[in-house]
*Asks:* 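Input: one structure, supplied below.
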2 protein chains.
Amino acid sequence: MTTETPTARSSRGGRDRRAERHAATREEIIAAAWEQVREHGLAGLSLRDVARAVGMRPPSVYSYFESKAAIYDAMYAEGNAAFLEHVLSVPPLDNPHATLRHAATSFMHFAMEDTSRAQLLFQRTVPDFEPSPESYAMALQALEHTRALLRTVGARRKGDIDVWTAMLSGLVTQQISNDPDGTRWIDRCDDAVDMFLAWIDTR
Amino acid sequence: MTTETPTARSSRGGRDRRAERHAATREEIIAAAWEQVREHGLAGLSLRDVARAVGMRPPSVYSYFESKAAIYDAMYAEGNAAFLEHVLSVPPLDNPHATLRHAATSFMHFAMEDTSRAQLLFQRTVPDFEPSPESYAMALQALEHTRALLRTVGARRKGDIDVWTAMLSGLVTQQISNDPDGTRWIDRCDDAVDMFLAWIDTR
DNA sequence: GTCTATATTTGGATAGAC
DNA sequence: GTCTATCCAAATATAGAC
C-alpha cells in the first residue's frame, strides 16, 4: 500500500521530518474535504476538487489516501474524535438536572455548527460507507459517557438511553431539515429535557 | 415544454386514451424510480437505469419528465400523498391517549416500510431539491392533522407540536441509521408517547 | 511524491431521423 | 413518442516518466 505513513526514523535519532510532512499533508487534504462537504453536501465530495484545493493534481491524492472511501473514513474518525472531546468537555454544573440540560443544548450546538459532520456521524447517509472499528470505538465511548450522565439523573432502565438519543437526534434532525438557519427546535431543547427528567422522576 | 399531459380531447366526446396512456407511463417511470432508490439509496437515482427498467432508451424519458429533478419532485408528491392518506387512515380508538399511541406506532411503521421514502419526505437530503408548492401543501395538511390530534390530548402550546415531531422523527432516524433491520427504537415508541403525555398532563 | 496522460465508467441532456 | 447517435462533463483510478 502506498498510503501508509512513511516508516519512522527514530532509530536514527532525530525526528522523522518526512513522516511529519506526510501526516501534515493528510491533514490538509482532510481539511479541504470538510470544506467541500460543507459547501456541496456530504455526497458532493470530489477528489478532483479536493486535489485542486490543496494545490495538487488528482492522482497525487492517491499518495495519501488509497481511495475516496478512505477519506470519508478519516473524516468520520476525526469527527468522532471531535465529538468525544466535545462530550468530555461539558462541565458538570451544580446539580445533575442542570448538567444534563446543558449537555443537551451543547450537543445541539455541536451538531448545528457543522451539519454535514452531524450527518456523517449520526445519520451515516454516505453510500457504501462502513466506519472503521477504531472510529466506532470512539463513538461507543461517547455513548458510554452519556449513559453515565443519565445514571446521575436516575435513568437506569435499559431503554432510557435510547429514548434520550432519539429525542436529541430528533431535535437535531428537525432543526437541520426544517429550519437550518433558525433556532426553532433548539428553542425546544430545554422543554424536551424537562419532559424526559419528569418522566424519569415520576414513573 | 414537452412533458405536459397531452391536451384533453373531451371536447370530442370520448375519453382521451392518449392522455391516459401518457399518465400511465409516467406512473411506470416513477415506480421504477422508487424501485431504484430502494435499491441504491436516494442519491443513486440514474435516468439510464430507470429508462432501462421501463424498456426505453434514456432520451425517451424526457418525453415524460423534463429533468431528473422533475422525477424527484413527482416522487416527493407521491410520497406525501401516501403519507397524508396514511395519516388520515389511522382510526380513532376509544380514548385520545390510545389514539395518539397508535398513531405514533403507525407512523414509525410507515417510515420503516420504505426508508428511502422516509428520507425523501422527512429529511430531504437530496441535493438541490426544493419541494413544489402543491406537495408542500400536502405536507402541511398532514401536519395540521397531527396538530388536531395533539389538541385532543391537551397539547395546545405553540411548541408542543415541535417536541412531538422531533421525538417521532428521532425515533425513526435512530431506527433507520442504527438498527435498520431490527425494532430497537420501535420498541421505545410507547414509552416515548407516554413520556410526552405525562408531560402534557402534569405541567 | 508529483506530475502528464490516459483509461474507464457513468452520468444528464440534446439533435434530428423516423 | 421513440429511437440512434452524440455531446459534454465529471468522476475514480492507474501507468509510467521525472
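Throughout, protein chains are lettered first and strands after them, A, B, ... in sequence-line order, and every chain is numbered starting at 1.
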*Asks:* For A:Ser46 and for A:Pro59, find the nucleotide of DNA chain D with the closest heavy atom, then tell me which residue's nucleotide is more 5'.
*Replies:* A:Ser46
*Asks:* Using whole Å, what does the distance between atom P of nucleotide D:dA10 and atom CG of B:Leu47 come to?
*Replies:* 17 Å
*Asks:* Keeping the roles fixed (side chain from A:Ser135, backbone from A:Tyr76), state whether a donor-acceptor pair exists under 3.5 Å.
*Replies:* no
*Asks:* Without decimals, in angstroms, what is the distance between B:Arg17 CZ and D:dG1 P?
*Replies:* 15 Å
*Asks:* Rounded to whole angstrom units, what separation is found between the OH atom of B:Tyr62 and the C1' atom of D:dC3?
*Replies:* 15 Å
*Asks:* Nearest to the side chain of B:Ser63, heavy atoms from C-beta on, is which of D:dT12, C:dG12, D:dG1?
*Replies:* D:dG1
*Asks:* Tell me yes or no: between the side chains of B:Gln119 and A:Thr125, is some donor less than 3.5 Å from an acceptor?
*Replies:* no
*Asks:* Using atom CD1 of B:Ile71 as one end and atom C1' of C:dA13 as the other, report the distance to the nearest whole Å.
*Replies:* 12 Å
*Asks:* Provide, to the nearest angstrom, the distance between the OH atom belonging to A:Tyr72 and the C1' atom belonging to D:dA11.
*Replies:* 12 Å
*Asks:* For the pair made of CZ in B:Phe129 and P in C:dG12, what is the distance, rounded to whole Å?
*Replies:* 16 Å
*Asks:* For A:Phe65 and C:dG1, what is the distance between atoms CZ and C1' respectively, to the nearest whole Å?
*Replies:* 15 Å
*Asks:* Of the nucleotides C:dG11, C:dT4, D:dT2, which one has an atom closest to the side chain of B:Ser60?
*Replies:* D:dT2
*Asks:* Nearest-Å distance, CE (B:Met56) to P (C:dA13)?
*Replies:* 16 Å
*Asks:* Between A:Ser132 and A:Asp73, do the side chains contain an N or O donor and an N or O acceptor separated by less than 3.5 Å?
*Replies:* yes
*Asks:* Let's see if you can work this out: which of D:dG1, D:dC3, C:dG12 has an atom nearest to the side-chain heavy atoms of B:Arg57?
*Replies:* D:dC3
*Asks:* Is a donor-acceptor pair below 3.5 Å formed from side chain A:Arg48 to base D:dA11, judging by atom type as modelled?
*Replies:* yes
*Asks:* Ignoring hydrogens and angles, tell me if any N or O in the side chain of A:Trp34 forms a donor-acceptor pair with the backbone of A:Met75 under 3.5 Å.
*Replies:* no
*Asks:* Under 3.5 Å, is there a donor-acceptor pair between the side chain of B:Gln36 and the main chain of B:Gly44?
*Replies:* yes
*Asks:* Could you tell me whether A:Leu45 contacts a base, only the sugar-phosphate backbone, or nothing, with contacts defined as non-hydrogen atoms closer than 4.0 Å?
*Replies:* sugar-phosphate
*Asks:* Under a 3.5 Å distance rule, please check whether A:Arg188 uses its side chain to pair with a backbone N or O of B:Trp164 as donor and acceptor.
*Replies:* no
*Asks:* Residues of residues 32-41 of chain A with any non-hydrogen atom less than 4.0 angstrom from an atom of DNA chain C: list those, numerically ordered, please.
*Replies:* none
*Asks:* Taking the side chain from A:Arg48 and the backbone from A:Pro58, do they hold a donor-acceptor pair closer than 3.5 Å?
*Replies:* no
*Asks:* Does A:Tyr64 place a side-chain N or O at less than 4.0 Å from the phosphate oxygens OP1/OP2 of C:dT2?
*Replies:* yes
